[in-house]
Chemist: 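Below is the structure I would like to discuss, written out as structure tokens.
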Amino acid sequence: MNINTNYDNLEQSYLFSTIAKRVSEYTQKNPDKKVIRLGIGDVTLPLCKAVTDALHKAVDEMGIQSTFRGYGPEQGYDFLRTAVQGYYKSHNVNLELDEIFISDGAKSDLGNILDLFGANNKVLVPDPVYPVYVDTNIMAGREVSYIDANQENEFLPGVNDIGKDIKADIIYICSPNNPTGAVYNKTQLKEWVEYALANKAIILFDSAYECFISDDSLPRSIYEIEGAKNCAIEFCSLSKTAGFTGTRCGYTIVPKNLGKLNKMWVRRQTTKFNGVPYIVQRGAEAVFTEEGQKEIKINIDYYKENAKVISDTLKECNIWHTGGKHSPYIWLRCPNDMKSWEFFDYLLEKIQVVGTPGAGFGKNGENYFRLTSFGSKENTLEAMSRFKTLFGKKQ
Ligand code: PLP
């Protein structure tokens with residue numbers, strides 16, 4: 001047998017293990033110091049009541065002969081697809097039910113979708129970005145090119161930033177972005193749609209953080225842009241929207257306008273996937289009810305308030321940053337031209353605040369740092385008060 005040697009081309013990801021190791025070494029040496037973690041990419045608030053009620057009810061149904069469910073439809077139950085359809089409709093996007101596929105989260109489908117594309121496609125990925133896009137393509141032996149996201153383009157690279165010799169067949173866009181928190185407006189996204197249509201490319205649009213968008217003029221879905229149904233697949237998740245990181249549910253939109261791709265995805269899913277648990281789908285359905293929407297908004301607003309506290313503090317300390325407004329992530333330039341790992345150590349040593357070094361998301365993250373709003377309000381306030389002591393005024 002031969003193994004897939006493409007795995008040899010993956011860079012080892014030491015990011016979160018190195019962070020954990022450095023923090024643990026520090027706390028062992030300084031047991032009296034309180035370390036505050038603002039690097040966390042996971043939600044911390046629990047599921048809302050509408051969801052847990054629906055989960056309990058579904059559990060009970062599974063224990064009764066007449067309501068028990070076995071294998072469900074691989075694409076998801078119609079009750080949840082209809083709820084997702086209604087959610088899109090509320091943002092003026094019309095989808096047919098068989099364009100909506102329920103998933104166990106965006107990460108799996110972002111990897112799985114690559115089954116539909118030939119090995120020789122050229123892939124374009126922004127740098128910095130969520131590392132899954134790069135690694136899944138390397139595993140499949142595809143060539144990956146990068147497009148620079150930087151302060152000059154406000155971390156929102158456009159088609160004019162594509163290098164001259166670069167051909168892009170598969171284009172990744174993540175908006176609101178992880179790690180930068182930057183979000184494309186409709187005009188900027190339209191340029192990408194036009195580019196993809198003109199070049200017969202496909203856009204893989206990751207909208208995992210759409211629920212953080214506060215401004216109705218900003219697109220939550222790429223399908224708000226005319227023509228996008230002819231060139232884009234969209235991935236979304238209830239992980240950050242409704243605290244489903246451990247419960248696992250998301251949805252992927254494969255428009256029927258994309259030629260064979262919709263049918264191919266049905267074939268792929270029916271062959272390799274047996275669907276998301278009925279119980280989880282009932283919980284997910286509750287997210288889209290009036291009550292569910294009200295309840296998840298309270299949690300999202302809590303994180304947004306934290307993000308504002310972080311952003312206001314950075315402004316006060318004169319530290320350049322982006323994100324935080326339509327995103328749980330705040331992306332800051334390390335003061336005094338520090339490198340991101342240097343800044344990580346500096347913060348840990350001086351004020352015991354932990355964030356994520358930008359270098360972990362690509363070479364353009366080298367001088368940047370990601371803070372997140374997923375911590376508690378108390379910890380966020382405490383961490384920012386420490387920031388002020390360290391960086392206030394003198395910056
Ligand atoms: N896409 C982005 C940009 C993310 O940051 C994450 C998780 O952090 C995911 C997708 C994965 O989401 P899920 O939990 O639905 O797999």
Side-chain angles (χ1 to χ4, degrees), residues 10-45 128-132 135 178-181 240 245-246 302-303 305-324 327-395:
L10 291 168
E11 278 189 32
Q12 287 303 324
S13 173
Y14 295 118
L15 182 66
F16 291 102
S17 57
T18 310
I19 292 174
K21 189 164 166 268
R22 290 197 191 186
V23 174
S24 138
E25 279 166 11
Y26 180 85
T27 48
Q28 271 166 26
K29 275 193 217 141
N30 305 276
D32 52 322
K33 300 268 198 214
K34 182 188 169 197
V35 172
I36 299 180
R37 290 177 170 79
L38 291 190
I40 181 166
D42 195 355
V43 292
T44 52
L45 294 172
V129 88
Y130 182 53
V132 167
D135 288 352
N178 178 12
T180 69
K240 312 298 157 87
T245 49
Y302 179 95
Y303 297 134
E305 193 51 45
N306 284 347
K308 186 170 179 327
V309 169
I310 298 173
S311 181
D312 286 349
T313 307
L314 296 177
K315 258 184 226 143
E316 210 179 305
C317 298
N318 243 331
I319 297 176
W320 185 95
H321 65 284
T322 183
S327 157
Y329 299 123
I330 293 98
W331 182 248
L332 63 96
R333 171 134 196 140
C334 305
N336 306 322
D337 276 337
M338 273 188 250
K339 297 266 190 243
S340 63
W341 275 108
E342 194 186 343
F343 186 60
F344 174 91
D345 290 331
Y346 182 74
L347 279 189
L348 182 59
E349 189 61 43
K350 295 280 184 193
I351 55 170
Q352 296 79 50
V353 171
V354 176
T356 313
F361 300 98
K363 74 170 173 40
N364 289 331
E366 189 58 83
N367 287 98
Y368 296 85
F369 202 72
R370 190 189 78 173
L371 294 176
T372 86
S373 62
F374 289 128
S376 71
K377 183 176 177 182
E378 297 68 34
N379 279 347
T380 307
L381 286 168
E382 170 68 27
M384 288 304 107
S385 135
R386 295 183 194 176
F387 249 76
K388 281 186 211 169
T389 323
L390 191 60
F391 299 110
K393 300 232 162 65
K394 32 182 219 304
Q395 277 297 308

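Keep in mind it's a predicted model, so treat the numbers as computed, not measured.
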Chemist: Mind checking whether Y368 and W331 have parallel, tilted or perpendicular rings, split at 30° and 60°?
Modeler: parallel
Chemist: As an exercise, state the distance from CG of L332 to CZ of F343, rounded to the nearest 0.5 Å.
Modeler: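 It comes to 5.5 Å.
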Chemist: How far does CD1 of I310 sit from CD1 of I319, to the nearest 0.5 angstrom?
Modeler: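 Those atoms lie 12.0 Å apart.
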Chemist: Can you give me the closest heavy-atom contact between A383 and V353, atom names plus distance?
Modeler: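 Shortest heavy-atom separation between A383 and V353 comes out as CB-CG2, 3.8 Å.
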Chemist: Are any of the side-chain heavy atoms of L347 and V354 separated by less than 4.5 Å?
Modeler: no
Chemist: If the condition is salt bridge (charged side-chain N to carboxylate O under 4.0 Å, His left out), which residues does K363 pass it with, not counting sequence neighbours?
Modeler: D148
Chemist: Evaluate the side chain to side chain contact (heavy atoms under 4.5 Å, CB included) criterion for residues T356 and F16: first the C-alpha distance (whole Å), next the side-chain angles of each, then the deciding distance (0.1 Å), finally the verdict.
Modeler: CA-CA 8 Å; T356 313; F16 291 102; 4.1 Å; yes
Chemist: Would you check, one step at a time, whether the test side chain to side chain contact (heavy atoms under 4.5 Å, CB included) holds for Y26 with E349?
Modeler: CA-CA 8 Å; Y26 180 85; E349 189 61 43; 3.8 Å; yes
Chemist: Would you say N178's side chain and Y329's backbone share a donor-acceptor pair under 3.5 angstrom?
Modeler: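 Absent.
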Chemist: May I ask you to decide if T44's main-chain N or O and Y303's side chain share a donor-acceptor pair within less than 3.5 Å?
Modeler: yes
Chemist: Can you establish whether the number of heavy atoms outside K29 located under 6.0 Å from its atom NZ is more than 12?
Modeler: no
Chemist: For F391 and Y346, take the angle between the two ring planes, folded into 0 to 90°, and tell me which bin it lands in: parallel under 30, tilted 30 to 60, perpendicular over 60.
Modeler: tilted
Chemist: Measuring from atom OG of S385 to atom CD1 of I351, what distance do you get when rounded to the nearest 0.5 angstrom?
Modeler: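 Here the interatomic distance stands at 9.0 Å.
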Chemist: Drop me the distance from K388's NZ to L314's CG, to the nearest 0.5 angstrom.
Modeler: 10.5 Å
Chemist: So, do P357 and I19 sit near enough that their side-chain heavy atoms are less than 4.5 Å apart?
Modeler: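 With C-beta onward as the side chain, the pair touches.
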Chemist: Does any N or O in the side chain of R370 come within less than 3.5 Å of the main-chain N or O of G355, such that one atom is a donor and the other an acceptor?
Modeler: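 Judged by distance alone, no pair lies under 3.5 Å.
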Chemist: Please find the pair of heavy atoms, one from Y302 and one from G375, that lie closest to each other, and give the distance.
Modeler: CE2-O, 3.8 Å
Chemist: What pair of heavy atoms forms the shortest contact from P128 to N364, and how long is it?
Modeler: CD-CB, 3.8 Å
Chemist: CG/N379 to CG/L38 distance, rounded to the nearest 0.5 angstrom?
Modeler: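 Rounded to the nearest 0.5 Å, the CG-CG separation comes out at 7.5 Å.
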Chemist: So, S311 side chain and A307 main chain: donor-acceptor pair closer than 3.5 Å or not?
Modeler: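 The answer is no, because no donor-acceptor pair under 3.5 Å joins these two groups.
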Chemist: Treating K240 as the side-chain partner and G41 as the backbone partner, does any N or O pair qualify as donor plus acceptor under 3.5 Å?
Modeler: yes
Chemist: Does N367 use its side chain to pair, donor to acceptor, with the backbone of M338 at less than 3.5 Å?
Modeler: yes
Chemist: Give, for atom OG1 of T389 and atom NZ of K350, the distance between the pair rounded to the nearest 0.5 Å.
Modeler: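 Result: 12.5 Å between the selected atoms.
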Chemist: Taking only residues at least two apart or on different chains, which pairs with a member in residues 375-387 satisfy salt bridge (Lys or Arg N to Asp or Glu O under 4.0 Å)?
Modeler: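 The answer is E382-R386.
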Chemist: Would you say R37 has more than 12 foreign heavy atoms packed within less than 6.0 Å of its CZ?
Modeler: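 At most 12 heavy atoms, drawn from other residues, nucleotides or ligands, come within 6.0 Å of this atom.
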Chemist: Please report the closest heavy-atom contact between S340 and C334, naming both atoms and the distance.
Modeler: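 Reported closest heavy-atom pair: CA-SG, 3.9 Å.
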Chemist: If I compare all heavy atoms of T313 with all of F387, which pair ends up nearest, and what's the gap?
Modeler: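 Closest approach of T313 to F387: CG2-CB, 4.0 Å.
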Chemist: Which pair of heavy atoms, one from L15 and one from G360, lies closest together, and at what distance?
Modeler: CD1-CA, 3.8 Å
